[in-house]
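See below for the structure under consideration.
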Amino acid sequence: MKDSSLRRALVDAERYTPELLQNFLVDIEGTRHSSEVWQLIVSLGQTLNLPYIDFISASNYAEWKKTLFIRTSYDSSWLNELNSDPEIHKWSYFRTHAMHYLTPIAVGIEFIDEYRHIPETRVHVLPEPARRGIRAGFSIPLRIHAPPQSALITFSGNHSKREMQLIIRNHGWVLQTAALVGHQRYIMHFANEFSERNRLSEKQAE
């Protein structure tokens, strides 16, 4: 998070939300690049001991495999081999929940007994992230409707079910709001960075 001395002063009427959320929103007001938004999201997760963050967006609902971007706060290269199996990949939280619903959902091996039916092949994958410290998390589905896009931000950590429930109870509203605002701000910057991302010349950009 930004140095508190650099944040704008809030009026008293702005102080009725949790301080953690106030600081996040004020900091995100001043971002000028998608990378700054991402760093604020990661910093928020770290503050709540949820350092493993996934941010995935698909370019439209129907073609969920057409990924717009994927960002993780950790080395996720080990996931590539797992996701190379289409039968495993299609049962991801993004595919099975975030593409269809708007409700935040607790995820990870600690909550496996609370889901609808999940194939054994997918269940067998969960011990690996748990071994790497990703035992439980909180996933927030996200939407943009023009053009239609679906996204998901997941905050995870090495927590028991009881510990994760406590985090969600105490900070779920903060994570939900931060994810919604962070996604909107990230996409705004991401769209403006098209020329930078594709290394277009000034003439091409015109």
Side-chain angles (χ1 to χ4, degrees), residues 38 41-42 44-45 48 50-74 76 78-130 132-184 186-187:
W38 172 241
I41 292 171
V42 171
L44 175 64
L48 296 176
L50 298 171
Y52 302 101
I53 300 168
D54 298 88
F55 188 5
I56 179 171
S57 175
S59 53
N60 68 67
Y61 302 147
E63 298 293 336
W64 63 273
K65 290 184 180 180
K66 292 185 177 178
T67 305
L68 188 61
F69 61 80
I70 298 176
R71 299 205 72 158
T72 62
S73 63
Y74 56 96
S76 59
W78 55 273
L79 280 167
N80 297 334
E81 183 178 350
L82 296 176
N83 288 329
S84 64
D85 183 340
E87 285 304 306
I88 293 176
H89 189 209
K90 76 178 183 179
W91 286 97
S92 69
Y93 299 121
F94 183 57
R95 177 74 180 99
T96 57
H97 188 83
M99 293 290 293
H100 302 95
Y101 309 115
L102 293 176
T103 50
I105 184 171
V107 298
I109 197 168
E110 293 290 326
F111 292 91
I112 191 65
D113 60 330
E114 296 188 4
Y115 290 117
R116 300 179 183 87
H117 169 71
I118 298 177
E120 284 299 312
T121 52
R122 183 68 187 177
V123 173
H124 291 327
V125 168
L126 294 178
E128 181 58 22
R132 296 171 180 269
I134 307 175
R135 287 170 55 199
F138 191 56
S139 289
I140 299 109
L142 304 160
R143 293 287 186 276
I144 287 182
H145 297 288
Q149 297 172 9
S150 182
L152 180 74
I153 292 181
T154 303
F155 297 86
S156 302
N158 191 18
H159 300 291
S160 68
K161 185 174 185 177
R162 183 183 297 272
E163 290 167 343
M164 194 67 224
Q165 288 172 330
L166 186 61
I167 292 173
I168 294 172
R169 191 176 304 120
N170 291 337
H171 303 290
W173 180 33
V174 172
L175 292 171
Q176 168 84 2
T177 305
L180 292 170
V181 175
H183 176 230
Q184 292 174 342
Y186 187 99
I187 290 296

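Both backbone and side-chain heavy atoms feed into the values below; hydrogens, waters and symmetry mates do not.
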query = Can you check whether Pro51's main-chain N or O pairs, donor with acceptor, with Ser73's side chain at less than 3.5 Å?
reply = yes

key: Nearest heavy-atom neighbours spanning Gly108 and Tyr115   = N-OH, 3.8 Å

query = With respect to Ser139, which candidate in Asp54, Ile153, Thr154 satisfies the side chain to side chain contact (heavy atoms under 4.5 Å, CB included) definition?
reply = Thr154

inquiry  = I want to check something: taking the side chain as every heavy atom from C-beta on, are Pro141 and Tyr101 in contact at a cut-off of under 4.5 Å?
reply    = no

ask   = Is the closest side-chain heavy-atom distance between Ile168 and Met164 below 4.5 Å?
value = yes

Distance-minimising heavy-atom pair for Asn158 and Arg135 = OD1-CD, 2.6 Å

note = Closest heavy-atom pair, Ala98 versus Ser150, reported as atoms and distance to 0.1 Å, is O-OG, 3.4 Å

query = Is any side-chain N of the basic residue among Glu114 and Lys161 closer than 4.0 Å to the acidic one's carboxylate O?
reply = yes

ask   = Would you say Val174 and Leu44 make side-chain contact, with heavy atoms under 4.5 Å?
value = yes

Pairing residues for Leu180 by the side chain to side chain contact (heavy atoms under 4.5 Å, CB included) criterion, not counting sequence neighbours = Leu142, Gln176

request  = Search all heavy atoms of Gly45 against all heavy atoms of Phe155 and return the closest pair with its distance.
outcome  = CA-CD2, 3.9 Å

query = So how far is it from Gln184 CD to Arg143 CZ, rounded to the nearest 0.5 Å?
reply = 13.5 Å

query = Is any side-chain heavy atom of Ile105 less than 4.5 Å from a side-chain heavy atom of Phe111?
reply = no

query = Which atom pair, heavy atoms only, marks the closest approach of Gln149 to Ser57?
reply = OE1-OG, 4.3 Å

request  = Drop me the distance from Ile41's CD1 to Ile53's CD1, to the nearest 0.5 angstrom.
outcome  = 7.5 Å

task = State, with a plain yes or no, whether a side-chain heavy atom of Arg169 is found less than 4.5 Å away from one of Leu166.
result = yes

task = Report the relative orientation of the aromatic rings in His183 and Phe55; use parallel for angles under 30°, tilted for 30 to 60°, perpendicular for over 60°.
result = perpendicular

query = Residues in ring pair (Phe, Tyr, Trp, His ring centres under 6.0 Å) with Tyr52, at least two apart?
reply = Tyr74

key: Closest approach of Gly157 to Leu50 (non-hydrogen atoms, all atoms of both residues)   = N-CD2, 3.9 Å

ask   = Does the side chain of His97 reach to within under 4.5 Å of the side chain of Thr103, using non-hydrogen atoms?
value = yes

note = Val181 meets the side chain to side chain contact (heavy atoms under 4.5 Å, CB included) criterion, sequence neighbours left out, with Leu25, Ile28, Thr177

